[in-house]
Amino acid sequence: MLSAQNFGESGKMKEYHYAGPTEHRFSPYAFNGGTVLAVAGEDFAIVASDTRLSEGYSIHSRDSPKCYKLTDTTVLGCSGFHGDCLTLTKIIDARLKMYKHSNNKTMTSGAIAAMLSTILYSRRFFPYYVYNIIGGLDEQGKGAVYSFDPVGSYQRDTYKAGGSASAMLQPLLDNQIGFKNMEGVEHVPLTKDKAVQLVKDVFVSAAERDVYTGDALRICIVTKEGIEEQNIPLRKD
Amino acid sequence: MALEDICNFKDKPTHKTFPFYASEDTSVSVFTESLNFKWRGEMTSKKASDVPLEFHVPSLFKRPSSRASHSVSVRRPFPLSHGTTTLGFIFQGGVIAAADTRASAGGLVACPAVHKITPIHSHLVVTSSGSGADCMLWERILTREIRLYQLRHKRRLSIRGTAKLLSLMLHPFKGTDVCVALTLCGWDKAESTKNLEETLGVTDDCSPSVCKDVPSKTNLLCFSGPKLIYVCSDGARLQGDIFSVGSGSPYAYGVLDRSLSWSLNKEEAILLAREAVFRATHRDAYSGNNVDLFHVTAEGWRQRQREDLKEEYYRDMEKRGKKMDVKTKKAAKIMQ
């Protein structure tokens with residue numbers, strides 16, 4: 001490819017020469033793309049993800065959603081390296097079952113978040129390359145969102161975007177849900193229908209500008225009645 | 001060595017082998033190795049019941065090379081959160097701890113509302129800086145160990161003891177990229193001298209061999225009061241009157257050194273801490289958003305409401321504007 005690097009200082013083309021064998025390190029990580037988003041309301045929580053699985057220039061699958069149902073009141077969204085996502089969800093499922101069998105009750109969202117933090121930190125020196133966001137209802141029935149970094153630091157939020165398009169979506173959510181950087185605006189609480197519409201709009205924007213996001217959108221709406229799923233098509237290019 | 005035998009102390013080798021010492025029994029199962037990992041330290045104190053020091057720590061990744069050198073380690077494809085301004089100082093009314101609330105990962109603000117000051121117990125708060133996940137987990141581990149100590153020994157561990165415990169727990173991870181710099185801000189309760197004498201083994205027998213090592217009553221009393229100790233994962237453990245940690249600390253030190261004195265009253269101290277964090281967040285890109293403030297006294301810690309510094313910035317600009325107006329007016333008069 002023609003670029004400035006091929007030309008030396010005098011303007012003449014630099015000549016190719018054999019620089020010796022180059023060693024390519026095996027990297028145990030791969031980046032499979034995808035975006036996850038979670039919003040908490042007064043009595044509901046929404047976890048949404050796109051369904052594209054990509055690697056480099058290829059798309060491996062158009063139907064690989066990144067929301068995983070953990071319990072009747074908790075959904076986990078994880079994006080990043082798909083291999084680590086699968087293993088992590090298997091481990092979490094096993095731990096949930098163990099807890100159910102030992103304590104005779106299902107884990108609450110807060111407890112799952114704390115457990116996930118320790119699971120991630122136990123691999124501090126060879127981390128799971130996964131960006132997690134948990135969305136669900138807490139013990140009082142209010143919506144809760146817990147966002148994680150790949151080594152286990154976590155925080156309870158009202159809304160959070162993670163994954164490849166997170167840097168594009170987070171400012172938009174800050175403005176629309178958090179009313180940040182808007183002066184003299186009335187803070188209206190978010191209703192479920194408005195939140196779902198906002199999530200759809202936000203993902204459509206993400207699919208426009210992020211190559212790793214697209215194909216379809218899977219939304220999981222968690223309420224005390226249960227978990228409702230919706231599928232909306234997005235750009236496939 | 002004889003002393004080691006009396007204390008049942010097994011000298012632990014360097015961190016390269018320490019985790020695997022105990023992991024030989026947890027055979028090959030993925031779950032137990034990565035999740036249920038325990039280090040059973042054999043250090044027991046003479047006085048306490050024979051409960052070994054047990055805590056869960058992450059296992060170091062098994063590498064063929066002996067040292068945890070960075071060239072052989074797996075390169076992380078993502079940045080971890082770093083960057084902060086935290087400060088603490090002692091004055092006549094106790095200890096003030098203040099911090100900003102921004103967590104940055106690379107060039108992105110990962111979270112604008114993080115809690116960097118965490119209470120450990122009613123008379124100790126700890127400000128954290130360094131890597132977010134490391135600080136969060138080590139604070140949790142420290143809280144658990146302090147609570148266990150309190151349950152076993154029926155008294156609360158002193159701030160200096162807490163700092164030493166934390167330093168010992170972090171020592172095996174020296175050289176790895178665990179990055180933790182905590183400032184313990186607390187108030188040691190003045191225990192009744194009778195209890196203190198009992199626990200420290202002070203006796204009435206004043207024979208020369210005993211009196212030399214025995215602390216005098218005046219010494220016992222100065223164990224209580226406000227304390228500020230800085231512990232870091234490199235192994236540093238320092239007691240002092242003023243500490244500021246993080247990328248914004250030079251700016252905070254500048255503001256603090258100007259006005260800090262022992263005789264400040266509570267409102268002045270709080271304003272000073274707030275001002276220091278505000279100036280640091282103004283100049284340091286990796287600090288910002290809000291300021292958290294804690295005040296620790298003999299009654300315990302009290303948290304001031306989290307304050308958004310955006311308002312403070314506008315107030316400051318207004319004040320500057322007024323000053324500038326006065327100055328330009330004066331200058332204009334002179335010019336005429």
Side-chain angles (χ1 to χ4, degrees), chain A residues 25-32 79-81 84 87-88 90-95 97-98 113-131 146-164 166-168 170-171 174 178 180-181 183, chain B residues 15 19 29-37 56-63 68 70-82 101 103 105-115 128 130-141 173 175-180 289 308 310 314:
Chain A
R25 286 196 65 82
F26 168 69
S27 169
Y29 294 116
F31 181 61
N32 293 119
S79 68
F81 172 40
D84 277 345
T87 309
L88 192 62
K90 272 188 208 143
I91 291 179
I92 294 175
D93 278 336
R95 291 286 295 265
K97 279 201 191 109
M98 280 156 59
M115 179 184 76
L116 180 56
S117 171
T118 44
I119 293 176
L120 291 171
Y121 197 79
S122 70
R123 291 272 298 251
R124 168 69 174 79
F125 300 108
F126 182 18
Y128 290 110
Y129 181 17
V130 189
Y131 290 94
Y146 295 92
S147 62
F148 293 78
D149 81 346
V151 272
S153 157
Y154 79 105
Q155 173 107 353
R156 182 168 174 176
D157 286 316
T158 322
Y159 53 87
K160 187 79 174 165
S164 57
S166 61
M168 287 179 222
Q170 190 64 34
D174 279 335
K180 299 269 173 74
N181 297 310
E183 301 293 329
Chain B
H15 63 262
S29 164
V30 167
F31 293 149
T32 47
E33 188 182 78
S34 63
L35 308 170
N36 264 337
F37 183 73
H56 297 255
V57 287
S59 59
L60 289 173
F61 174 55
K62 283 185 166 100
R63 292 190 239 295
H70 291 286
S71 54
V72 191
S73 62
V74 179
R75 211 173 308 131
R76 262 199 311 263
F78 47 78
L80 287 186
S81 40
H82 253 89
T101 60
L108 182 66
V109 175
C111 184
V114 174
H115 296 275
S128 56
S131 163
D134 289 332
C135 288
M136 190 179 277
L137 260 295
W138 283 105
E139 277 162 19
R140 258 174 105 171
I141 293 173
F173 296 94
T176 63
D177 60 9
V178 168
C179 180
V180 170
N289 296 103
D308 193 347
K310 190 174 59 160
Y314 285 122

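By convention in this document, chain letters (A, B, ...) are assigned in the order of the sequence lines, proteins followed by strands, and residues within each chain are numbered from 1.
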(Q) Under a 3.5 Å distance rule, please check whether A/Gln170 uses its side chain to pair with a backbone N or O of B/Val109 as donor and acceptor. (A) no
Q) So do B/Leu137 and A/Arg124 actually touch side chain to side chain, heavy atoms under 4.5 Å? A) no
**Q.** Part of B/Val178 within contact of chain A (heavy atom distance under 4.5 Å)
**A.** both
Q | Partners passing side-chain hydrogen bond (donor to acceptor under 3.5 Å, both in side chains) against B/Glu139 (at least two apart in sequence or in another chain) | A | B/Thr118, B/Ser128
(Q) Would you compute the distance between atom CG of B/Asp177 and atom CZ of A/Phe125 and round it to the nearest 0.5 angstrom? (A) 6.5 Å
Q: With sequence neighbours left out, write down each residue that passes ring-ring contact (aromatic ring centres under 6.0 Å, His included) with A/Phe148, or none if nothing qualifies.
A: A/Tyr154
Q. Which heavy atom of A/Ser153 sits nearest a heavy atom of B/Gly132, and at what distance?
A. CB-C, 3.9 Å
Q: Identify the two heavy atoms, one from B/Arg140 and one from A/Ser117, that lie closest to each other, and give their separation to 0.1 Å.
A: NH1-OG, 4.0 Å
Q | Heavy-atom proximity to chain B below 4.5 Å, by part of A/Ala161 | A | neither
